[in-house]
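Throughout, a chain's letter reflects where its sequence line sits, starting with A, and its residues are numbered from 1.
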Number of protein chains: 2
Amino acid sequence: MTADDKRSSTPPITRVEDVDLGVLDGTLSFFIRSLNLAVTRDLDARLDGMEVARGTGKITALFLIDRHPGIRPSVIAAASMKDRSAMARILDDMEKNGLIRREPDPEDGRVQALHLTEKGEKVSREVQAIVRQSRDFFHDISEEEYAQVIDLLRGLYWRIVKSHQAKGTRL
Amino acid sequence: MTADDKRSSTPPITRVEDVDLGVLDGTLSFFIRSLNLAVTRDLDARLDGMEVARGTGKITALFLIDRHPGIRPSVIAAASMKDRSAMARILDDMEKNGLIRREPDPEDGRVQALHLTEKGEKVSREVQAIVRQSRDFFHDISEEEYAQVIDLLRGLYWRIVKSHQAKGTRL
DNA sequence: AGAAATGATTGACACTATCCACCATATTTT
DNA sequence: AAAATATGGTGGATAGTGTCAATCATTTCT
């Protein structure tokens with residue numbers, strides 16, 4: 001047992017810098033969840049005033065519809081890791097704001113084909129610029145490191161997206 | 001311009017696997033925000049039925065109080081990247097559930113010294129075991145890769161935590 | 001002593017995630 | 001072809017979140 005054994009308690013502290021994260025320090029989920037808050041705050045600030053500000057799903061929906069006109073809500077839901085009902089509400093909002101149109105899919109009567117309105121396309125371009133800018137929230141890490149983390153997280157992302165799809169996980 | 005130019009649209013798709021993430025594919029925040037959902041869901045499932053299930057801040061608070069008895073709410077708030085008012089509500093909840101005690105700090109009348117109750121200590125141990133287990137949500141990445149991402153994210157985490165502290169960002 | 005800063009709490013508001021039930025349409029089974 | 005099952009989308013209900021502004025007590029600064 002050493003002085004900084006992982007199980008020993010340390011005396012009352014006053015500053016965050018002195019916090020010992022213990023188990024959390026080796027827990028990826030902890031950092032993902034914490035950074036999620038920071039990143040979301042940063043993004044919200046950058047998007048302040050725009051129709052897609054506040055809330056996590058709108059940007060993804062906007063971009064995916066832009067890139068894949070006619071895409072269906074459930075696919076966006078899966079890619080956003082949200083459930084279909086959450087997605088419906090986001091699309092409601094975007095429709096109300098005149099960013100998207102919901103059309104009936106000609107091939108399948110249950111399905112909707114989503115399209116951007118002209119306004120939606122304009123907003124999409126603006127937001128893309130902002131999102132690219134948001135890279136400098138991570139100004140203190142190099143291109144190599146940035147690419148490296150993304151590669152890893154991208155792998156996790158696709159594994160999870162696909163396995164949910166496969167297992168029919170009711171999202 | 002090649003066939004998969006980043007600006008060109010692809011035809012309507014039906015499966016998530018075919019989605020092209022476009023700008024998002026190079027955006028760290030996108031993966032952090034998506035994985036946050038997946039990770040939180042996984043954690044919630046593992047903690048199902050326990051007093052600290054649902055919600056992001058309770059685990060961190062529990063562990064930090066365990067490790068630093070007498071710690072104050074605002075320090076936990078900073079480490080959790082939440083604002084003090086959000087923290088107060090989490091502590092309310094934990095106090096109601098008999099996990100913590102809020103005592104007046106002997107040194108500073110404005111401050112509270114937080115302590116775990118016996119029940120809190122018991123729960124903390126149980127939850128620590130579960131959190132360690134949660135590593136296998138990322139079963140498909142190696143120890144080296146896991147350690148590598150954590151190292152990077154840890155760096156970002158501390159940079160942000162400290163800079164908020166420094167700038168007096170009103171969280 | 002008076003002014004300003006800090007720590008904690010509360011109320012309000014909009015947004016989120018989850019679960020369940022529901023309806024319409026497709027697909028599969030018999 | 002009829003019945004059963006699966007799929008896509010919607011809507012309600014509930015518990016939780018993040019944010020902002022206001023308040024109050026206490027401490028620190030000058």
Side-chain angles (χ1 to χ4, degrees), chain A residues 14-16 33-34 36-45 47-48 51-58 60 71-78 80-96 102-114 165 168-171, chain B residues 14-16 33-34 36-45 47-48 51-60 71-78 80-97 102-114 165 168-171:
Chain A
T14 299
R15 297 167 308 174
V16 217
R33 303 222 285 184
S34 307
N36 172 57
L37 290 175
V39 152
T40 297
R41 235 180 319 249
D42 175 68
L43 228 40
D44 272 358
L47 295 169
D48 193 41
E51 268 111 342
V52 292
R54 292 204 200 107
T56 310
K58 287 168 214 163
T60 306
I71 196 175
R72 35 167 88 174
S74 52
V75 172
I76 306 183
S80 310
M81 300 203 175
K82 291 179 187 296
D83 84 346
R84 294 195 315 265
S85 66
M87 201 64 232
R89 285 181 250 264
I90 287 174
L91 296 175
D92 279 350
D93 188 88
M94 296 177 74
E95 197 178 31
K96 251 174 234 148
R102 302 200 231 210
E103 292 175 3
D105 183 298
E107 314 232 321
D108 185 332
R110 297 166 296 184
V111 172
Q112 293 181 352
L114 302 172
Q165 170 100 327
T169 311
R170 54 259 159 252
L171 271 186
Chain B
T14 299
R15 297 166 308 177
V16 217
R33 303 222 286 183
S34 306
N36 171 57
L37 289 175
V39 152
T40 297
R41 236 182 318 252
D42 175 68
L43 229 41
D44 273 359
L47 295 170
D48 193 40
E51 266 111 343
V52 293
R54 294 205 200 107
T56 310
K58 287 168 216 164
I59 299 178
T60 305
I71 196 175
R72 36 167 88 177
S74 52
V75 172
I76 306 183
S80 310
M81 300 202 176
K82 291 181 186 298
D83 83 346
R84 292 197 315 268
S85 68
M87 203 62 232
R89 283 182 250 265
I90 287 173
L91 296 175
D92 280 350
D93 188 87
M94 296 176 74
E95 197 178 29
K96 252 175 232 148
N97 279 315
R102 302 200 232 209
E103 292 176 2
D105 184 298
E107 314 234 319
D108 186 331
R110 299 165 296 184
V111 172
Q112 292 182 351
L114 302 172
Q165 170 100 328
T169 311
R170 54 259 161 251
L171 271 186

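Contact between Met87(A) and Pro73(A) at its shortest, heavy atoms only, is CG-O, 3.7 Å. Closest of all the heavy-atom pairs between Arg84(B) and Ser74(B) is CD-CB, 3.8 Å.
Here Arg41(B) does not reach the OP1 or OP2 of dA17(C): none of its side-chain N or O atoms lies under 4.0 Å away. Checking the phosphate oxygens (OP1, OP2) of dG18(D), a side-chain nitrogen or oxygen of Lys82(B) falls inside 4.0 Å. Applying the 4.0 Å criterion to OP1 and OP2 of dA17(C), one finds that Arg54(B) has every side-chain N and O outside that range. When the side-chain nitrogen and oxygen atoms of Arg102(B) are compared with OP1 and OP2 of dT9(C), one or more of them lie within a distance under 4.0 Å. Residue Ser74(A) places at least one side-chain N or O under 4.0 Å from the OP1 or OP2 atom of dG9(D).
A straight line from CG of Asp105(B) to C1' of dT27(D) spans 12 Å, rounded to a whole angstrom. dG7(C) atom P lies 18 Å from atom CD1 of Ile90(B), rounded to whole Å. Between Asp108(B) atom CG and dT26(D) atom C1' there is a gap of 7 Å when expressed in whole angstrom units. In this structure, CZ of Arg15(B) is placed 13 Å from P of dG8(D), rounded to the nearest angstrom. Distance, Leu43(B) CG to dT18(C) P: 12 Å, rounded to whole Å. Remark: P of dG8(D) and CG of Asp92(A) are 19 Å apart, rounded to the nearest angstrom. For the pair Asn36(B) CG and dA17(C) C1', the interatomic distance rounds to 11 Å; values are reported in whole Å. Separating the CD atom of Gln112(B) from the C1' atom of dT9(C) is a distance of 9 Å, rounded to the nearest angstrom.
Within 4.0 Å (heavy atoms only), Leu91(B) reaches no atom of the nucleic acid at all.
Closest approach to the Arg110(A) side chain among dT9(C), dG12(D), dA6(D) is made by dA6(D) (side chain taken as heavy atoms from C-beta onward). Considering only side-chain atoms of Arg72(B), the nucleotide from dG7(C), dA26(C), dG11(C) that sits closest is dG7(C).
Heavy-atom distances to DNA chain C give each of Asp93(A) and Thr40(B) a nearest nucleotide, and the one nearer the 5′ end belongs to Asp93(A). DNA chain D is contacted by both Asp44(A) and Val75(A); Val75(A) maps to the nucleotide lying nearer its 5′ end (nearest heavy atom per residue).
When atom types are taken as modelled, the side chain of Arg72(A) and the backbone of Asp105(A) share no donor-acceptor pair closer than 3.5 angstrom.
Salt bridge present: Asp93(B) and Lys58(B) bring a charged side-chain N and a carboxylate O closer than 4.0 Å.
If you check distances only, the side chain of Thr56(A) never reaches the base of dC15(C) with a donor-acceptor pair under 3.5 Å. Contact annotation: side chain of Arg89(B) to base of dT19(D), donor-acceptor pair present below 3.5 Å.
Heavy-atom contacts from other residues, nucleotides or ligands closer than 6.0 Å to CZ of Arg54(B) number 12 or fewer.
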